[in-house]
Every structure is written in C-alpha cells, then in structure tokens.
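A short write-up of the structure that comes next.
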Amino acid sequence: MVFSNIILAWYGTNKRALPWRNTLDPYRIWLSEIMLQQTRVAQGTPYYHKFISAFPKVEDLANADEEVVLKLWQGLGYYSRARNLHATAKIVVEKYGGNFPNTYKELLTLKGVGDYTASAIASICFNEAVPVVDGNVYRVLSRYYGMDLPINSPEGIKEFKKLAIKVMAPKNIRDYNQGIMEFGALQCTPQKPDCQTCPLNISCIAYNNDSISSLPVKLKKTKVKHRYFNYLVVVDANNQTLVQQRTGNGIWRQLYEFPLLESDQEVALPEVSKSAPELLGVQEDAEVYLYNDKNIVHKLSHQHLHTKFWIVSTTTILENGVPLSTLPEYPVPVLIADFINTFKI
DNA sequence: AAGCCGGGGTT
DNA sequence: AACCCAGGCTT
C-alpha cells in the first residue's frame, strides 16, 4: 500500500470533528488556519468560536475596530497575527469584493499568509494540489522516510517540500493534507508516538532503525533573554490610573500596559519611590509600595520577564487617567490581564 | 540566514 | 526545564 493511501484511510477512521471541518468557506478556513499557526487546536478552538460569533462574515471583521479585534485575540499570543488578520479582511473586502482568492499563488500575497497557510486554504477550500508542510508533516515525513536534514535549515525546508509533493495524493489533496497533519497530531506525536498501532510501522524507516526519538532533526535552541519589568500602577483620588499602548517592533505591539520602568537588574523601593512621581506626573509625596512580594516571572518562548507591580497612590487628580473599572476593556498581554484580575486596592 | 514574535500543554 | 504547537515576518 502506498503512503498517501494509508494516510487517507487512517484519516477516514480517526479524524476529529473540529468546528472548521463542517465547512469549505474560505473565510472560516482562513480564520482557523491563522489561529492555529504555532498554536494547539485545544487552545485555538475557543477563539475560533468567539470570532465566528462576533464576525460571521469577512465584512464584519473588516469593519471592526482594530482594538476590538485585538481584545478578542487577547491571550492567544503572536499578536501580529491579529493585526494581519484584520488587514487581510479589509483587503479581501475592498480588493476582492469579499471573496477570498482561490489559488495558492494569489493567497500567498495576503498578509499573514505564508507557504503553509496558502497551501492549506488552496487545498482544503479549492482542492488545489499543493502540499501543506507544517510541524506535523515534518515529523511524519522525517520519520517515515528517514530524512535527517534539519527541518529548519534552508536545504531541509526545500527537500521536505520536494518530498511532500512527491508523496502527496493530488486527487484528494483536501483530505490528504488534513490527514497527514491529523496523523502527526494524534498518532505520530513528538514524544512517545503510538508505533504499535501505527498502520505505517512496517515500512517506517525510523521505526525500523529505532531512531524515532531522534527525528525530526532541528537546529539550535532559542536563548532566553532575561528582562526586569517594573509596572507603575498609579491610583489617584478618583480611582483613576494610567495605561499606555506599546509601540515599536518588540513584544505586544499595540497592546496596553501600565507605565513601565525596565531595568537590567532588580530595582528596590527607594529607587522607584524617587523616580515614579516625576515619571507619572504626580506629586512627590505619593505613596509607593510593592504589590507582589515575589517576582512574577512571565515566560515567553524567548524571554523571561521578571516583573514587579508597584502601586503608586497619589492625591493628584490624573488628567489623562482612566477609571480602574474600565481596565478590562483594553487589549492587554496575559501578564497584565492576570494582574488586573487580582488587583484590589 | 538568523532572529523575533506568546501562551500553554506535555514530559 | 526543555520541547513543541495546523508559521510568518523582518532584518
């Protein structure tokens, strides 16, 4: 039996009933694919429902305020996906009359749509014979065909794409693409794959070489950078505080946070008491105290944020202050959302 | 070609 | 603590 036929057969009996599997609507498929980039199905699914409910059609998403989109995206991470999602919705409405492009090549021009996502939409919605090569596919192909090229090297990317084209099922690419990904997610898992019940084990090179655990090969590891965040949570006599929007190219662009004092190392109370009032534009006699006794270490994939929240209580009435009660309306990073949820004066 | 961009689940 | 997740963009 051929590889692709086994994948198709396996998919037929093992596929999950996922919310985006009952439609071929490009809007819904696109939305699900963007949300699932580097994101597990279980984590993305609630967001898919929220978005479909808030924005049933691409026009609804295009017409929404960016801040509303970011707020709905809050907690899902990689927030550039939300900004690109919104931009692409506008393009689809304005340039394509509300209809998504129907070819891999044209889909590739959309913001936030790369090789994988263009292939996924083209194959699932339009049955175009282009293979998806995501993390699941790298794993399945590297093991079954014994490919030990690093999956994140330029040669590896090229060779795995060639192999993926060679072994795909062009006549039923829609099910094959979803099938090989589902197979990677459920059967050929990163750790402890279920090789005993695997329909491909007899001809799987890695299984027969006992090299399952060493495939796929991936280069380098991300070095974690340590940063020290001091958030200044000012509270004035009217229960107002200050928030600001992050700019630049770093983390959490366009999300909101409290005024931030970043330092190379830990900062102590006297230093904060001295600099906070002027930085916030409040009176010198403001009362400053540390809210969290121990550092909150917020872990991103490439940064550890050692965070202290400082409460700055002042009699000054903030001119640009916002009521504390409105904080839940702002799109914020999880680090800030967690604080807001527990903060009681 | 390499680095950056989140948050959460598994082991 | 390390690894990975239905990757893409920037430099």
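Just the heavy atoms: all of them, side chains too, but no hydrogens, waters or symmetry mates, feed the values below. Here is the naming used below: chain letters follow the sequence lines, and residue numbers restart at 1 for every chain.
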*Assign I34(A) to base, sugar-phosphate, or nothing according to its heavy-atom contacts below 4.0 angstrom with the strands shown.*
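It contacts nothing in the nucleic acid.
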Looking only at side chains, do [X] and [Y] share a donor and an acceptor under 3.5 Å apart?
X	Y	answer
E59(A)	Y27(A)	no
R143(A)	S211(A)	no
H306(A)	H226(A)	yes

*asked:* Starting from L8(A), can I reach F3(A) by hopping between I/L/V/M/F/W/Y residues whose side chains sit under 4.5 Å apart?
replied: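 Looking at the clustering, L8(A) is in the same group as F3(A).
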*Same apolar cluster: M1(A) and Y11(A), side chain cutoff 4.5 Å*: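 Yes: a chain of side-chain contacts under 4.5 Å links M1(A) to Y11(A).
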*Return the 5'-most residue of the pair G250(A), N152(A) with respect to DNA chain B, ranking by each residue's nearest nucleotide.*
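Looking at the nearest nucleotide for each, N152(A) comes out on the 5' side.
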*Quick one, give me the B/S/- string for nucleotides 4-11 of chain C, reading 5' to 3', where B means a protein heavy atom under 4.0 Å from the base and S means that only happens at the primed atoms, P, OP1 or OP2.*
BBBBSS-S
*With P as the reference atom in both, quote the distance from dA6(C) to dC4(B) in angstrom, rounded to an integer.*
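Looking at atom P only, dA6(C) and dC4(B) are 24 Å apart.
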*dT11(C) versus dG6(B) - spacing of their P atoms, nearest Å*: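 Comparing P positions in dT11(C) and dG6(B) gives a spacing of 15 Å.
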_Pairs touching residues 232-257 of chain A that satisfy salt bridge (charged side-chain N to carboxylate O under 4.0 Å, His left out), sequence neighbours left out_ =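 As it turns out, the salt bridge (charged side-chain N to carboxylate O under 4.0 Å, His left out) pairs with a partner in residues 232-257 of chain A, which skip direct neighbours, are R246(A)-E257(A).
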*Report the C-alpha distance between Y47(A) and L76(A) in whole Å, list the side-chain angles of each, state the deciding distance to 0.1 Å, and finish with yes or no for side chain to side chain contact (heavy atoms under 4.5 Å, CB included).*
CA-CA 8 Å; Y47(A) 288 84; L76(A) 196 53; 3.7 Å; yes
*Check step by step if ring-ring contact (aromatic ring centres under 6.0 Å, His included) holds for F309(A) and Y291(A).*
CA-CA 5 Å; F309(A) 289 91; Y291(A) 182 73; 7.2 Å; no
*Which is the 5'-most and which the 3'-most nucleotide of DNA chain B that has an atom under 4.0 Å from a heavy atom of chain A?*
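With heavy atoms of chain A under 4.0 Å away, the range is dA1(B) to dG9(B).
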